[in-house]
A.B. asks: 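Take this structure, written in structure tokens, and hold onto it; I'll ask about it next.
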Protein chains: 2
Amino acid sequence: MSAVTMTMVAKQAGVSVSTVSHVINGTRPVAGATKQRVLATMDELGFTHKPVARSLAAGSTTTIGLSMSWVSSMYGQELVAGIEEECLRQGMQLLLADTRDDEDREERAVANLLAHHVGGMLVAPTARWHSATLRLLQEHSVPYVVIDRLQDMRVDQVGVENESGSSSVVEHLLQIGHRRVAAITGREGLATTRERLAGYRLAHRRRGLRVDERLVVSGGSTEQGGRRAMAQLLASGPAPTGVFISNDSMSIGALRALQEAGISVPGQMAVVCFDDFPWGDVFHPRLTTIAQPSFAIGARAVQLLVRRLSDPQAPAQTLRLAGEVTHRESCGCNGQGPDLGEFVEVHTPNVGVRHRGTAVRA
Amino acid sequence: MSAVTMTMVAKQAGVSVSTVSHVINGTRPVAGATKQRVLATMDELGFTHKPVARSLAAGSTTTIGLSMSWVSSMYGQELVAGIEEECLRQGMQLLLADTRDDEDREERAVANLLAHHVGGMLVAPTARWHSATLRLLQEHSVPYVVIDRLQDMRVDQVGVENESGSSSVVEHLLQIGHRRVAAITGREGLATTRERLAGYRLAHRRRGLRVDERLVVSGGSTEQGGRRAMAQLLASGPAPTGVFISNDSMSIGALRALQEAGISVPGQMAVVCFDDFPWGDVFHPRLTTIAQPSFAIGARAVQLLVRRLSDPQAPAQTLRLAGEVTHRESCGCNGQGPDLGEFVEVHTPNVGVRHRGTAVRA
DNA sequence: CTGTTAGCGCCTTCAA
DNA sequence: TTGAAGGCGCTAACAG
């Protein structure tokens with residue numbers, strides 16, 4: 001039997017329901033003796049608070065929703081961990097919904113969450129999310145913060161510094177002598193895609209080199225796309241000697257293509273990529289990557305949401321956390337390269353840091 | 001504004017709330033004309049159903065809860081995907097809570113889910129879950145199904161066939177000539193640990209070999225544990241020539257230890273393990289594994305729950321899905337081994353199958 | 001076929 | 001310092 005209600009507690013303790021309610025919520029002073037009695041009976045009866053009833057009556061919740069595509073990427077695990085951890089600390093509950101990076105699913109997911117009376121939302125938007133989903137969010141006038149794929153809007157959002165991160169690894173390749181460095185870019189329309197590509201270009205500019213546009217290929221952010229993109233790079237024209245891959249899924253696809261073509265890494269092709277793999281230093285090729293501070297991003301997102309919840313008028317804030325270059329062997333510099341740290345300012349925010357394998361610096 | 005209620009729809013359409021309710025739920029016949037009118041006004045006003053109010057009033061929900069530790073394992077992603085997919089098909093919502101394989105967190109997680117009025121629960125229990133959590137579940141008399149770590153109880157549960165799976169890969173090592181095959185086992189108290197170890201023993205028995213107990217080491221199911229276990233195996237006594245590792249996290253740890261010791265796989269050490277990696281055929285060493293049908297397991301779990309929801313008196317059911325041996329190179333048989341398929345009956349249940357990379361059969 | 005009337009468990013004025 | 005009473009949005013008898 002779970003049906004221990006406030007009414008039952010009230011009757012048993014010989015007080016009114018409102019007193020019980022106030023004891024629970026600390027929403028008005030209650031005499032010490034009464035309070036103790038209520039607390040005791042609550043404990044005795046095994047009373048549990050029912051958030052749904054509360055939210056119905058009060059119109060608010062301590063539950064927040066998270067809408068993201070976490071099946072498609074390894075990056076999501078740490079993110080969710082960070083979010084959960086911070087939720088715990090803030091005394092909030094988390095409701096999860098998966099979008100699979102599909103706009104329709106996303107709309108349904110958000111609608112669901114909203115229907116479940118979440119008090120706020122964390123959204124890692126899909127590529128073309130604005131249309132319906134954004135409207136939903138705004139119609140319900142629910143506070144939300146955008147994660148990862150930042151928008152050109154005045155909203156609370158937190159993500160990684162894409163441009164500086166990618167520019168530093170690309171510049172590393174250029175610096176150790178590569179002159180034909182390709183880029184496999186993500187899905188069109190994503191801020192991350194745009195910014196990481198910008199980093200790639202910036203690196204060339206810094207070195208006074210011109211980008212050969214034939215070496216810039218879209219991989220659509222998926223594993224299959226990455227595979228195709230790499231295959232295409234290998235097939236057409238003068239092959240690159242190095243490649244920058246814009247996310248983890250595409251990296252796997254690209255590696256698959258390289259393997260199928262019998263090309264060794266880094267021997268015949270240097271590889272650097274965005275997004276780290278937690279097991280990146282165990283398997284070969286050991287990838288040189290930019291690790292996102294996923295855990296911290298998640299935690300910060302919750303903090304941003306909590307802030308907005310308590311102060312709806314606060315100005316919108318955009319947080320950019322620095323990625324961390326994890327230097328391994330796929331770049332082929334054999335430790336002769338520069339310390340990449342000089343390009344990237346690695347600052348890990350003070351929100352609970354997680355170990356992510358052994359980062360080998362050059 | 002999100003506050004479009006049934007009452008408003010009723011007034012606008014000139015009917016009573018109960019009619020609106022019945023139109024929505026199809027819970028009693030409504031005249032065609034009336035129904036159309038209600039539907040139209042609902043659409044016009046942008047009405048959204050509020051599940052929390054419904055569950056309060058009806059005492060039931062279409063929301064089910066999932067309590068598991070999915071951050072720690074890659075296996076979890078497919079599982080959740082399978083669960084979600086099936087939930088979608090069954091028209092149910094999913095609430096997620098992470099336990100991090102910690103008993104206290106698990107208790108809180110389950111309590112939370114219960115508090116949110118879930119109509120049923122999916123639980124992938126931690127090692128010592130019975131004490132508090134199970135009681136919670138039963139006190140609330142909520143239907144639940146156990147996933148993965150099956151219990152010795154009469155409850156609905158679904159998991160992989162641990163024993164036959166591990167015995168087949170271990171027997172493979174024995175068959176190609178290994179005589180000192182070690183086992184790195186999981187956390188004590190887990191059914192999976194027990195069963196996978198039993199498979200390891202069974203393989204030896206089948207081949208008429210005795211297990212050297214010094215080669216059986218616990219890795220506690222964690223990456224660190226796997227690393228320590230492997231280090232221990234390498235340090236003490238006569239080293240094994242092959243090893244069976246009981247889950248994915250420990251495999252990563254063990255590989256790390258092997259790498260630190262400068263031991264090549266499969267050259268100096270043959271490796272087989274439970275749990276596959278989605279990217280297992282891209283990186284080296286390419287692990288020979290037993291892939292769990294995670295997606296199917298998730299889907300079946302939902303089906304089991306739905307069945308119990310509709311028929312509380314149905315007899316408890318235990319489902320065992322076959323794992324699939326994914327034969328790659330870490331076993332070192334160089335394709336000379338037998339077709340492992342002859343040991344394992346691979347039957348993929350009819351619940352939506354997912355691609356998981358290219359499985360190379362010997 | 002449809003409306004009326006109680007609540008579900010809780011919060012929140014308004015009184016006392 | 002405390003109670004009583006109304007209502008959040010919806011469902012489910014009970015009446016027509």
Side-chain angles (χ1 to χ4, degrees), chain A residues 1-39 41-42 45-63 93 111 114-119 140, chain B residues 1-39 41-42 45-63 93 111 114-119 140-142:
Chain A
M1 301 297 92
S2 81
V4 178
T5 74
M6 271 177 44
T7 319
M8 297 166 71
V9 174
K11 189 175 298 174
Q12 178 82 7
V15 295
S16 74
V17 277
S18 62
T19 300
V20 176
S21 171
H22 287 124
V23 167
I24 290 171
N25 299 300
T27 172
R28 90 177 172 196
V30 176
T34 325
K35 181 186 273 181
Q36 288 315 315
R37 193 146 35 90
V38 172
L39 254 21
T41 17
M42 272 176 49
L45 263 41
F47 172 81
T48 52
H49 213 316
K50 280 98 197 152
V52 296
R54 174 218 280 267
S55 74
L56 220 208
S60 71
T61 336
T62 60
T63 302
Q93 266 72 59
L114 255 20
H116 273 275
H117 267 196
V118 295
H140 283 248
Chain B
M1 301 294 92
S2 83
V4 178
T5 75
M6 270 178 44
T7 319
M8 297 167 71
V9 174
K11 189 173 300 175
Q12 178 81 5
V15 295
S16 75
V17 277
S18 63
T19 300
V20 177
S21 172
H22 287 125
V23 167
I24 291 172
N25 299 300
T27 171
R28 92 179 170 194
V30 175
T34 324
K35 181 186 275 181
Q36 288 315 314
R37 193 146 35 91
V38 171
L39 255 21
T41 20
M42 270 174 50
L45 263 41
F47 171 82
T48 51
H49 210 316
K50 282 96 195 152
V52 296
R54 173 218 281 267
S55 75
L56 220 207
S60 70
T61 337
T62 61
T63 303
Q93 266 72 61
L114 255 20
H116 273 274
H117 268 199
V118 294
H140 284 247
S141 64
V142 155

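So that the names make sense, note that chain A is the first sequence line, chain B the second, and so on, each numbered from 1. Just so it is clear, the values below take in all heavy atoms, side chains as well, and ignore hydrogens, waters and symmetry mates. All figures in this text were calculated on a predicted structure; none of them were measured in a lab.
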A.B. asks: For a quick test of your reading: what N or O donor-acceptor pairs under 3.5 Å do the side chains of residues 26-34 of chain A make, sequence neighbours left out?
C.D. replies:
{"residue": "A/R28", "atom": "NE", "partner": "A/H22", "partner atom": "ND1", "Å": "3.1"}

A.B. asks: Among residues 23-30 of chain B, which ones have heavy-atom contacts with DNA chain C below 4.0 Å?
C.D. replies: B/R28, B/P29, B/V30
A.B. asks: Calculate, to the nearest 0.5 Å, the distance between atoms CZ and CD belonging to B/R37 and B/Q12 respectively.
C.D. replies: 11.0 Å
A.B. asks: Looking at A/V9 and A/L45, what are the two nearest heavy atoms and their distance?
C.D. replies: CA-CD2, 4.1 Å
A.B. asks: Could you tell me how far apart A/K35 (NZ) and D/dT2 (P) are, to the nearest whole angstrom?
C.D. replies: 10 Å
A.B. asks: Give, for atom OG1 of A/T41 and atom CE of A/M8, the distance between the pair rounded to the nearest 0.5 Å.
C.D. replies: 11.5 Å
A.B. asks: Earliest and latest nucleotide of DNA chain C, 5' to 3', sitting under 4.0 Å from a non-hydrogen atom of chain B?
C.D. replies: C/dC1 to C/dG9
A.B. asks: Considering every strand and a 4.0 Å limit on heavy-atom distances, what is the contact class for A/M6: base, sugar-phosphate, or nothing?
C.D. replies: sugar-phosphate
A.B. asks: Under the side chain to side chain donor-acceptor pair (under 3.5 Å) rule, collect the residues that match up with B/S16, sequence neighbours excluded.
C.D. replies: B/S18, B/T19
A.B. asks: Counting only heavy atoms and a strict 4.0 angstrom limit, can you tell me which residues of residues 13-22 of chain B come near DNA chain D?
C.D. replies: B/S18, B/S21
A.B. asks: To the nearest 10 degrees, what angle separates the axes at the start and end of the helix from C/dC1-D/dG16 to C/dA16-D/dT1, five pairs each?
C.D. replies: 40°
A.B. asks: In whole angstrom, give the distance that lies between atom CD of A/Q36 and atom P of D/dT2.
C.D. replies: 12 Å
A.B. asks: What pair of heavy atoms forms the shortest contact from A/T5 to A/F47, and how long is it?
C.D. replies: C-CE1, 3.6 Å
A.B. asks: Which pair of heavy atoms, one from A/A10 and one from A/V17, lies closest together, and at what distance?
C.D. replies: CB-N, 3.7 Å
A.B. asks: Determine whether A/V4 and A/M42 make a side-chain contact, defined as any pair of heavy atoms from C-beta on separated by less than 4.5 Å.
C.D. replies: no
